[in-house]
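Below is one structure, written out as structure tokens; comments come after it.
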Amino acid sequence: MLDKHAVINLNNQLKNLKKYFSHRNWLANEYFYITRPSVEVLKKYDLKPNVFSQIKNKYLLVILFPAYLVFSIILNLIYALLVPGKKVKIHNKNYPVFFVSHATIDNPSHANGDRIYGDLLKTRNSSSKNLVYFLNHTKGNNKTLSQRIKRSIDADFVLNSKNLPIWKMLYILIQNVALTLKIFVKHFSTILISKNGKHIIKILYFQISRKTTANLVIRENIFDILQQTKCNNLVLTLEGHAYESVILELVSSLKSNLKVFMFQHSPISHGQMALRDLIEGLNPNQHFLCSSPLVAKYLKLSFPEGKNSIYVIGSPKYEQRQKVNNIKKKIVLAPEGLNSSLKEFLYLAKILILQNHKKIVLRIHPALKVDIQNRYILRKLSKKDVFEISQSSLKIDLADAKYCIFRASSVGLESLAYQTIPVFYGNKWENENVNPLKIIDTDYIFLDSENLKLLKSLKPKKDVTKNWISYYSKLDISKFFDLTNQK
């Protein structure tokens with residue numbers, strides 16, 4: 001079992017290590033961000049191995065680092081040559097609001113528009129449309145995606161490129177390699193001797209990874225957009241990801257009058273340390289847009305000295321309490337967008353099948369590229385009559401669901417509107433630190449992933465269908481319009 005103090009200590013160690021990594025490029029490094037203290041996210045930090053194992057792993061990483069560095073350079077160069085990017089060109093010079101979204105248009109539960117911002121994209125005070133920048137989470141052919149997005153949203157948009165133009169890509173790669181080598185040489189003895197050495201060497205590995213490079217590409221593309229346009233408002237997601245820090249630093253460096261709104265669209269839980277660090281680093285011209293009064297209250301209590309304005313703007317995920325079928329039979333499984341999480345939920349599906357449940361519906365995260373191992377398991381499970389991979393809307397799935405089993409997915413929160421019993425699936429640590437239902441006054445079932453029992457024998461403390469509470473509020477478009485038009 002993970003120890004709370006160990007995770008807090010880890011986060012403090014990462015914050016203290018940033019003194020070695022002052023260049024803005026290090027902000028793009030995912031290793032610094034504990035976005036969610038789940039087992040999957042914390043795995044890369046090796047909190048459990050014994051001292052001998054940690055020392056052995058550290059020295060092995062140090063020995064292999066030069067070879068990995070060369071391999072990474074070659075791989076990135078080949079990729080940059082084979083898939084060259086283009087300079088972002090914006091035709092309209094004036095946009096009321098510039099949105100940054102990592103939504104996917106191919107989400108089967110979504111019918112109209114971007115699933116993060118919804119109808120906020122339509123909010124404007126002139127004939128000019130708003131601008132949306134879609135991050136790398138979108139899948140598929142760019143031409144096909146563009147056609148689908150045009151049909152879905154009433155806004156101009158830019159799809160994030162995998163690479164920059166070759167000359168600019170080369171500059172970023174060379175700069176990144178130089179920064180990494182400088183730290184490796186300058187702090188070589190610290191890496192070998194210090195107990196923080198294992199984190200430093202892993203940070204270097206992450207810095208030359210494709211994920212970090214992708215975040216640097218995002219920065220350059222958004223810089224190009226801001227240079228070409230006159231925007232008064234920038235709207236970002238609020239989750240504590242590396243790309244959010246990268247964009248916020250960029251905006252600060254430009255010293256513009258751009259108002260920044262951080263839109264909380266996904267569930268918030270107690271243990272999101274990267275989110276806490278991001279919030280503590282915001283300046284007074286950067287504000288919160290919350291999905292409900294519940295979240296606004298939590299933020300005010302958590303950050304009583306915060307200088308940032310908090311506005312309840314609602315969410316596209318809001319649903320009124322639904323009239324549903326009294327005889328509900330389905331069990332809906334909603335894993336996060338990680339293959340490790342999907343694997344755990346597939347294991348649970350096997351157990352539920354053995355328990356002779358009548359219908360098990362799996363909702364795969366729309367941004368997840370399913371790996372080979374999980375594809376193989378899915379093929380086997382799909383042969384079972386009681387198992388189904390959802391191709392339906394979320395409304396259809398939840399309307400007939402008795403249970404919704406989730407971990408960090410917002411589907412668990414959305415299920416409350418359908419009088420579906422939410423089931424948090426994870427270990428005790430995750431239940432305390434990852435479970436978003438912990439910050440609101442509602443009942444749920446806790447299904448311990450380390451001590452699975454028959455789901456049939458689990459009962460909520462109360463009838464959750466009577467103790468109904470909405471996590472999300474109705475989207476307030478007029479309020480958003482007023483905020484983005486204030487001088």
Side-chain angles (χ1 to χ4, degrees), residues 27-28 30 33-36 41 97-105 107 110 113-121 123 130-138 149 153 155 157-160 211 214-215 217-219 221-222 225-226 231 233-251 258-269 272-282 286-292 295-296 298-299 308 310-318 336-338 365-368 408-411 413-414 436 471-473 475 480 483-484:
L27 289 172
E30 302 277 353
Y33 303 87
I34 304 175
T35 50
R36 191 188 311 115
V41 172
V97 187
F98 177 23
F99 294 87
V100 178
S101 175
H102 62 72
T104 49
I105 299 301
N107 184 356
H110 186 72
D114 178 76
R115 69 182 172 89
I116 289 180
Y117 300 114
D119 286 341
L120 292 182
L121 300 185
T123 310
N130 292 320
L131 178 64
V132 190
Y133 184 87
F134 287 102
L135 300 180
N136 263 345
H137 296 267
T138 41
I149 293 170
I153 66 172
F157 64 91
V158 176
L159 288 179
N160 186 49
K211 281 187 176 181
N215 287 331
V217 168
I218 290 168
R219 185 191 191 280
N221 282 338
I222 289 183
I225 292 170
L226 291 176
C231 297
N233 304 278
L234 172 66
V235 184
L236 284 175
T237 54
L238 177 66
E239 296 180 279
H241 289 301
Y243 75 82
E244 293 167 356
S245 293
V246 166
I247 296 171
L248 288 171
E249 184 279 330
L250 169 63
V251 172
L258 188 67
K259 280 193 294 185
V260 178
F261 294 96
M262 307 297 293
F263 185 66
Q264 174 265 319
H265 74 98
S266 61
I268 283 183
S269 60
Q272 289 175 284
M273 294 176 189
L275 179 63
R276 285 183 164 274
D277 294 341
L278 183 145
I279 290 172
E280 288 170 357
L282 293 177
Q286 296 164 342
H287 314 290
F288 301 118
L289 301 178
C290 293
S291 60
S292 75
V295 178
Y298 176 76
L299 288 175
N308 312 91
I310 300 174
Y311 304 102
V312 177
I313 208 75
S315 170
K317 296 173 183 175
Y318 168 77
E336 307 97 290
L338 297 167
H365 194 284
L368 179 64
S409 169
S410 66
V411 173
L413 299 171
E414 292 172 76
Y471 185 89
Y472 297 109
S473 300
L475 200 62
F480 180 73
L483 288 171
T484 53

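The backbone N or O of T484 sits less than 3.5 Å from a side-chain atom of N233, completing a donor-acceptor pair. With hydrogens and angles ignored, the 3.5 Å screen pairs a side-chain donor or acceptor of N215 with a backbone N or O of A28. A distance-only check finds a donor-acceptor pair linking the side chain of N130 to the backbone of L121 [under 3.5 Å]. A donor-acceptor contact shorter than 3.5 Å links the side chain of E244 to the backbone of E239. Side chain of K317 to backbone of H265: a donor-acceptor contact under 3.5 angstrom is found. The closest donor-acceptor contact from the side chain of E249 to the backbone of V251 lies at 3.5 Å or more, if one exists at all. Looking only at distances, no side-chain donor or acceptor of S409 sits under 3.5 Å from a matching main-chain atom of E336. Here the side chain of Y33 pairs a donor or acceptor atom with the backbone of L27 at under 3.5 angstrom. In this structure, the side chain of N160 does not engage the main chain of F134 through any donor-acceptor pair within 3.5 Å.
Looking at L120 and V97, their side chains never come closer than 4.5 Å, going by heavy atoms from C-beta outward. Using a 4.5 Å heavy-atom threshold, the side chains of V295 and F288 count as separate. For the pair Y472 and P267, the minimum side-chain heavy-atom distance is below 4.5 Å. P316 is not listed as a side-chain neighbour of D119, based on a closest heavy-atom distance of 4.5 Å or more. Counting only heavy atoms from C-beta outward, the side chains of L248 and L236 approach each other to under 4.5 Å. By the 4.5 Å heavy-atom criterion applied to side chains, I153 and V132 are counted as neighbours. Residues V100 and V235 are not in side-chain contact: their nearest non-hydrogen atoms beyond the backbone lie 4.5 Å or more apart.
In this structure, H287 and F261 have tilted ring planes: the angle between them lies in the 30° to 60° band. Aromatic ring orientation, Y133 versus F98: perpendicular (interplanar angle above 60°, classes split at 30° and 60°).
Taking CD from Q272 and CG from L238, the interatomic distance works out to 8.5 Å, rounded to the nearest 0.5 Å. With rounding to the nearest 0.5 angstrom, the OG1 atom of T123 is 7.5 Å from the CG atom of L475. In this structure, the separation between CG on L234 and CG on L131 is 10.0 Å, given to the nearest 0.5 Å.
What you find for R36 and A408 is that their closest heavy atoms are NE-CB, 3.3 Å. In this structure, S291 and S315 approach most closely via the heavy-atom pair CB-CB, 3.9 Å. Between Y117 and S101, the shortest heavy-atom distance links the atoms CE1-CB, 3.6 Å. Between L278 and M262 the shortest heavy-atom distance is CD2-CE, 3.9 Å. Closest approach of R219 to V246, counting heavy atoms only: CB-CG1, 3.3 Å.
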(request) Start with the C-alpha distance between Q264 and L289, add both sets of side-chain angles, then the distance that settles side-chain contact (heavy atoms from CB on, under 4.5 Å), and finish with yes or no. (result) CA-CA 6 Å; Q264 174 265 319; L289 301 178; over 6 Å; no
(request) Under the side-chain contact (heavy atoms from CB on, under 4.5 Å) rule, what do T237 and S266 come out as? Steps first, then yes or no, please. (result) CA-CA 9 Å; T237 54; S266 61; over 6 Å; no
(request) Could you go through the side-chain contact (heavy atoms from CB on, under 4.5 Å) check for I313 and F263 one step at a time? (result) CA-CA 9 Å; I313 208 75; F263 185 66; 3.3 Å; yes
(request) Begin from the C-alpha positions of L226 and L258 and carry the test side-chain contact (heavy atoms from CB on, under 4.5 Å) through to its verdict. (result) CA-CA 10 Å; L226 291 176; L258 188 67; 4.2 Å; yes
